[in-house]
Visitor: 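My structure is below; once you've seen it, I'll send some questions.
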Amino acid sequence: MDSNLLQDKIILVTGASRGIGRAIARASAFAGACVILNYRGREAGIKSVVNELKKLNKHTIAVRADVSNSKDVKKMFSIIKKRFGRLDVLVNNAGIRRDSLLMNTAEKDWDDVLDVNLKGTFLCMKETVKLMLLSGGRIINITSIVGTNGNPGQAAYSASKAGIIGLTKSASKELGPIGITVNAIAPGLIDTDMVANLTSEQRAKLIKNTPLARSGTADEVASAAVFLASEMAAYVNGQVIGVDGGMIM
Ligand code: NAP
């Protein structure tokens, strides 16, 4: 990764304690950005990343907030405003899965998934736009291939991820004229904790449907995020970029 690609950019990554969020935070820092790592609760997980990234940029900070809670989100953005006075890039990465067949899906699970994945993305975008109004910026939302294609047993998750695509497209039309681009990344099967409980049969089926015949890594998703955050993507807006080994085309 070019070490100057995101020089001096201030980037907020939600759900940065592990998995794809942590990889995006690390790749952004290696590309020269000052990273704000959002986390929900795992102090131990976030401390080691912050310590590592502080060596690249001493202004690196971690801010605790449950993205589905508007009070937490407002507090997080008031810290960002006070500390940095601006935000150049928002990466809405925080997400959860609560999979079950539609008829067995508990209302609470539906609400939790929609609250974190979709409402959390909305709440962070809303506060970000206020910070980007004068200077413009980049918003990158992490959706999923199931947001475009659906998946049995993932009604709530795929509805939340489809919602993110609609939100991305509407916002890209609304915010493009004021210099804010809004794009989404749709990962396929990426090896993180989120998919660690798939059975070997489920994994094999997914890999069979992937032309590259393997799962992806969090770093491969992070590369797409750094591209979208960089000047190289200045004319990319309202797009859903697949990072899925060709599973969906
Ligand atoms: P992961 O390893 O389970 O990590 C999820 C991250 O989100 C964790 O840092 C978690 O924090 C954080 N988080 C969850 N709820 C939160 C909340 N309410 N507020 C703030 N942070 C919260 O999952 P991942 O695979 O890296 O997934 C990252 C994103 O990629 C998600 O949006 C996911 O839907 C999407 N995605 C993943 C795949 C895949 O195959 N892995 C495929 C398509 C899309 P804690 O550590 O506190 O739990």
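Indexing begins at 1, ligand by ligand and atom by atom, following the structure's order.
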Visitor: Between Gly188 and ligand 1, is there a nitrogen or oxygen pair with a distance under 3.5 Å?
Guide: yes
Visitor: Please identify which atoms of ligand 1 are closer than 4.0 Å to at least one heavy atom of Asn38.
Guide: 20 (C), 21 (N)
Visitor: So, for Val63 and Ile61, which heavy atoms are closest and what is the spacing to 0.1 Å?
Guide: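 Taking Val63 first and Ile61 second, the nearest heavy atoms are CG2-CD1, 3.8 Å.
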Visitor: Hey, is Asp88 close enough to Arg138 for a salt bridge, meaning N to O under 4.0 Å?
Guide: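 Looking at Asp88 and Arg138, the cut-off is not met.
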Visitor: Is there a polar contact between ligand 1 and Ser68, counting only N or O atoms under 3.5 Å apart?
Guide: no
Visitor: Flag Ser144 as yes when one of its N or O atoms lies below 3.5 Å from any N or O atom of ligand 1, and as no otherwise.
Guide: no
Visitor: Flag the pair Arg203 and Asp191 as a salt bridge only when some basic side-chain nitrogen lies within less than 4.0 angstrom of an acidic carboxylate oxygen.
Guide: yes
Visitor: Would you say ligand 1 has an N or O under 3.5 Å from any N or O of Ile20?
Guide: yes
Visitor: Going by heavy atoms, is Gly216 under 4.0 Å from ligand 1?
Guide: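 So Gly216 does not count as touching ligand 1.
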Visitor: With heavy atoms of Asp66 as the reference, note each atom of ligand 1 found under 4.0 Å away.
Guide: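 So the answer, numbered in order with elements, is 17 (C), 18 (N), 19 (N).
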Visitor: Hey, does Leu5 have a side-chain heavy atom less than 4.5 Å from the side chain of Met232?
Guide: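 When only atoms from C-beta onward are counted, Leu5 and Met232 do touch, with a gap below 4.5 Å.
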Visitor: Just by distance, with hydrogens left out, do Asn151 and Ser158 show a side-chain donor and acceptor under 3.5 Å apart?
Guide: no
Visitor: For atom 44 (C) of ligand 1, tell me which residue out of Ile190, Ile145, Thr143, Asp193 has the closest non-hydrogen atom.
Guide: Thr143
Visitor: In terms of side-chain geometry, is the basic nitrogen of Glu220 or Arg214 positioned less than 4.0 Å from the acidic oxygen of its partner?
Guide: yes
Visitor: Is Ala23 close enough to touch ligand 1? Criterion: a residue heavy atom under 4.0 Å from a ligand atom.
Guide: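 Contact absent.
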Visitor: Show the atoms of ligand 1 that are less than 4.0 angstrom away from any heavy atom in Ala65.
Guide: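 Within the 4.0 Å cut-off of Ala65, ligand 1 contributes 19 (N), 20 (C).
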Visitor: List the atom of Ile11, the atom of Leu6, and the distance in Å for their closest heavy-atom pair.
Guide: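 Between these two residues, the closest heavy atoms are CD1-CD1, 3.6 Å.
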Visitor: Under a 4.0 Å heavy-atom limit, does Val67 contact ligand 1 with its side chain, its backbone, both, or neither?
Guide: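 Under 4.0 Å from ligand 1, Val67 contributes backbone and side-chain atoms.
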Visitor: What do you reckon, does Pro187 have a nitrogen or oxygen under 3.5 Å from a nitrogen or oxygen of ligand 1?
Guide: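 For ligand 1, there is no N or O atom that lies under 3.5 Å from one belonging to Pro187.
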Visitor: If the threshold is 4.0 Å, N to carboxylate O, is there a salt bridge linking Lys74 and Asp72?
Guide: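 A salt bridge is absent here (no side-chain N lies under 4.0 Å from a carboxylate O).
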Visitor: Mark up the atoms of ligand 1 that fall under 4.0 Å of a heavy atom belonging to Ile142, in ascending order.
Guide: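 This gives 29 (C), 30 (O), 35 (C) as the contact atoms.
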Visitor: Under 3.5 Å, is there a donor-acceptor pair linking the side chains of Gln154 and Asp99?
Guide: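 Looking only at side-chain atoms, Asp99 and Gln154 do form a donor-acceptor pair, the distance falling under 3.5 Å.
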Visitor: Tell me, please: is Lys161 in heavy-atom contact with ligand 1, that is, under 4.0 Å?
Guide: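 For ligand 1, residue contact (heavy atoms, under 4.0 Å) with Lys161 is present.
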Visitor: Between Lys47 and Glu52 (salt bridge meaning N to carboxylate O under 4.0 Å), is one present in this structure?
Guide: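 No, no charged N to carboxylate O under 4.0 Å.
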Visitor: For ligand 1, which atoms, with element, lie under 4.0 Å from some heavy atom of Ser17?
Guide: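 The atoms of ligand 1 under 4.0 Å from a heavy atom of Ser17 are 8 (C), 9 (O), 11 (O), 45 (P), 46 (O).
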Visitor: Check ligand 1 against Tyr157 and write out every atom of the ligand that is under 4.0 Å from a heavy-atom position of the residue.
Guide: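 Checking each atom against Tyr157, I get 33 (C), 34 (O), 35 (C), 36 (N), 43 (C), 44 (C).
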Visitor: Report the nearest protein non-hydrogen atom to atom 17 (C) of ligand 1: residue, atom name, distance rounded to 0.1 Å.
Guide: Arg40 CD, 3.6 Å
Visitor: I'd like to know if Ile96 contacts ligand 1, where contact means a heavy-atom distance under 4.0 Å to any ligand atom.
Guide: yes
Visitor: Just jot down the ligand 1 atoms closer than 4.0 angstrom to any heavy atom of Gly19, in number order.
Guide: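 Per the distance check, 2 (O), 26 (O).
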Visitor: So, does Asp191 sit close enough to ligand 1 that a heavy atom of it is under 4.0 Å from the ligand?
Guide: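 So Asp191 does not count as touching ligand 1.
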Visitor: Mark up the atoms of ligand 1 that fall under 4.0 Å of a heavy atom belonging to Ala94, in ascending order.
Guide: 7 (O), 13 (N), 20 (C), 21 (N), 22 (C), 32 (O)
Visitor: So Leu118 and Leu167, do their side chains get closer than 4.5 Å, heavy atoms only?
Guide: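 Yes. Closest side-chain heavy atoms under 4.5 Å.
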Visitor: Let me know which of Asn117, Asn141, Thr143, Thr168 forms a side-chain hydrogen bond (donor to acceptor under 3.5 Å, both in side chains) with Asn92.
Guide: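 Going through the options one by one, the only one that passes is Asn141.
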